[in-house]
Amino acid sequence: NEENNQTDLVLNYIKKENWPYGLINILENLKKAVKKPDLIKIIDQLTESKDIKNKIFGKFPIFFANQDKIEFDESKLQLLKDDLAELKDE
């Protein structure tokens, strides 16, 4: 249904970007594909289910992907470390 599609859209965006955003930033970056009242509900659901986390900065909550739920490939990290070592040697 549409609500699940919107929830998936928001979650996939937050995971893909892997960057902290405020509610208005998410709304604008999704080109208002999700209406603000719906986005508030979705963010609340995703926070409750621990798919995303939030922190308060000043007066505003910032939302970001739960790093514990992001799949991570150790071999890619090793490749990046190897590339970095090569660049340092140049």
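If you're wondering where the values come from, they're calculated on a predicted model, not measured in any experiment.
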Any side-chain heavy-atom pair of Lys76 and Lys81 under 4.5 Å: no

Hey, can you pull the donor-acceptor pairs under 3.5 Å for the side chains in residues 82-90, sequence neighbours left out?
unit_1	atom_1	unit_2	atom_2	d
Asp82	OD1	Gln78	NE2	2.9

Is there a donor-acceptor pair under 3.5 Å between the side chain of Glu28 and the backbone N or O of Ile26?
no

Criterion side chain to side chain contact (heavy atoms under 4.5 Å, CB included) on Lys15 and Asn66, from CA distance to verdict: CA-CA 8 Å; Lys15 281 180 161 180; Asn66 183 347; over 6 Å; no

Of all heavy-atom pairs linking Ile14 and Ala65, the shortest is CG2-N, 3.5 Å

The single option from Leu9, Val10, Asp8 that satisfies side chain to side chain contact (heavy atoms under 4.5 Å, CB included) with Ile42 is Val10

Residues passing the ring-ring contact (aromatic ring centres under 6.0 Å, His included) test with Tyr13, sequence neighbours excluded, are Tyr21

Transitively linked via ILVMFWY side-chain contacts under 4.5 Å: Trp19 with Ile52? yes

Using residues 53-61 as the side-chain source, report each donor-acceptor pair under 3.5 Å to any protein atom, sequence neighbours left out, with the distance given to one decimal.
none

Rounded to the nearest 0.5 Å, the NZ atom of Lys35 sits from the CD atom of Gln6 at a distance of 8.0 Å

Applied to residues 43-52, the salt bridge (Lys or Arg N to Asp or Glu O under 4.0 Å) test, sequence neighbours excluded, yields Asp51-Lys69

By side-chain contact (heavy atoms from CB on, under 4.5 Å), Leu23 pairs with (sequence neighbours left out) Lys36, Leu39, Ile40, Ile43, Phe63

Within a 6.0 Å radius of atom CD on Glu2, are there more than 12 heavy atoms belonging to other residues, nucleotides or ligands? no

- Task: Find out whether Leu46 and Leu11 are in side-chain contact, i.e. whether some heavy atom of one side chain is under 4.5 Å from a heavy atom of the other.
- Result: yes

| Just wondering, are more than 12 heavy atoms of other shown residues or ligands nearer than 6.0 Å to CD in Glu17? | yes

For Asn1, the side-chain hydrogen bond (donor to acceptor under 3.5 Å, both in side chains) test, sequence neighbours excluded, returns none

